[in-house]
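First listed ligand is number 1; within each ligand, the first listed atom is number 1. Below, each value reflects all heavy atoms present in this structure, side chains not excepted, and no hydrogens, waters or symmetry copies.
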Amino acid sequence: MKKIVILISGRGSNMQAIVETALAQQWPVQIAAVISNRADAAGLAYAAGKGIPTAVVVSKQFADRESFDAALQSKIDEFAPDLVVLAGFMRILTAGFVKHYAGRMLNIHPSLLPSFVGLGTHQQALDAGVKLHGVTVHFVTAELDHGPIVAQVAVPVLEDDTEDTLSQRVLVQEHLIYPQAVLQFVEGRLSIKDGRVHVSK
Ligand code: GAR
């Protein structure tokens with residue numbers, strides 16, 4: 001049984017989609033913990049309500065990224081995960097932390113990478129005037145919002161879209177694509193070669 005630790009910073013709707021899909025489809029996994037860097041992350045209550053262990057490592061209490069990431073890493077490793085899932089975990093990660101979870105840490109980013117890294121991706125897409133926007137699930141590497149791409153879904157950008165309407169359209173796809181990618185990892189179907197992800201049948 002594969003163990004998954006999910007990291008969140010806020011709402012946790014992607015975490016919720018993964019947990020609900022795992023339960024509904026009876027995945028052979030244990031959601032070992034949901035960990036947040038913010039005590040007020042709304043998703044913590046959902047996880048606790050499902051009987052999933054939760055933990056908080058408050059990023060603000062650490063002097064620098066290295067000490068926070070070290071504390072976070074030791075908390076995560078208490079649960080000995082096979083996979084770490086970043087689900088709206090809004091932190092820039094140190095290279096050492098990323099290396100420790102190389103090949104076993106996924107992230108979801110609300111754009112068609114490599115376009116629109118960082119924050120405010122929906123507004124970035126509107127400002128750029130692109131006609132297609134979307135979402136990417138990728139393995140995490142040291143460079144922010146980069147790394148081998150597991151899956152992408154595009155959505156149209158409509159004439160009268162606002163940041164709000166566009167983000168809603170992308171979020172619907174996030175909740176479908178992320179559980180699917182996590183399951184592919186759990187089933188051992190993802191491999192990385194020359195920076196590209198191969199998904200076996
Ligand atoms: C999601 O849209 C996710 O793609 C994004 O934050 C949101 C979290 O929502 N992540 C990033 O921007 C990472 N760079 P959620 O807490 O409801 O899952």
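- For Arg91 and Phe68, the positive end sits near the middle of the six-membered ring, less than 6.0 Å away and at most 45° from its axis.
- Asp127 and Gln123 share a side-chain donor-acceptor pair at under 3.5 Å.
- The nearest heavy-atom contact from the protein to atom 10 (N) of ligand 1 is Ile108 O, 3.6 Å.
- In terms of heavy-atom proximity, His133 sits nearest to Ala125 at ND1-CB, 3.5 Å.
- Counting the atoms of ligand 1 from 1 in the order shown, those under 4.0 Å from a heavy atom of Glu174 are 1 (C), 2 (O), 3 (C), 4 (O).
- With respect to atom 9 (O) of ligand 1, the closest heavy atom belonging to the protein is Arg11 NH2, 3.1 Å.
- Closest heavy-atom contact between Ser111 and Phe116: OG-O, 3.2 Å.
- Of the protein's non-hydrogen atoms, the one nearest atom 5 (C) of ligand 1 is Pro110 CD, 3.8 Å.
- Proximity to His109 (heavy-atom distance under 4.0 Å) selects the following atoms of ligand 1: 13 (C), 14 (N).
- Checked by atom type, the side-chain pair Thr136/Gln152 shows a donor-acceptor distance below 3.5 Å.
- Taking 4.0 Å as the cut-off, Met90 counts as a neighbour of ligand 1 on heavy-atom distance.
- Taking the charged nitrogens against the carboxylate oxygens, Arg196 and Asp194 have no contact shorter than 4.0 Å, which rules out a salt bridge.
- With hydrogens left out, the protein atom closest to atom 6 (O) of ligand 1 is Gly88 CA, 3.8 Å, a heavy atom.
- Nearest-residue assignment for atom 16 (O) of ligand 1 (options Gly12, Ser9, Gly10; heavy-atom criterion): Gly12.
- Residue-ligand proximity, Ser13 to ligand 1, at heavy-atom distances under 4.0 Å covers atoms 15 (P), 16 (O), 17 (O), 18 (O).
- Between the side chain of Arg189 and the backbone N or O of Ser200, at least one donor-acceptor pair lies under 3.5 Å.
- Interface of Asp145 with ligand 1, defined as ligand atoms under 4.0 Å from a residue heavy atom, comprises 14 (N).
- Counting only N and O atoms by type, the side chains of Asp77 and Ser74 include no donor and acceptor under 3.5 Å apart.
- In the candidate list Ile6, Asn14, Ile92, Val117, Asn14 is nearest to atom 18 (O) of ligand 1, counting heavy atoms.
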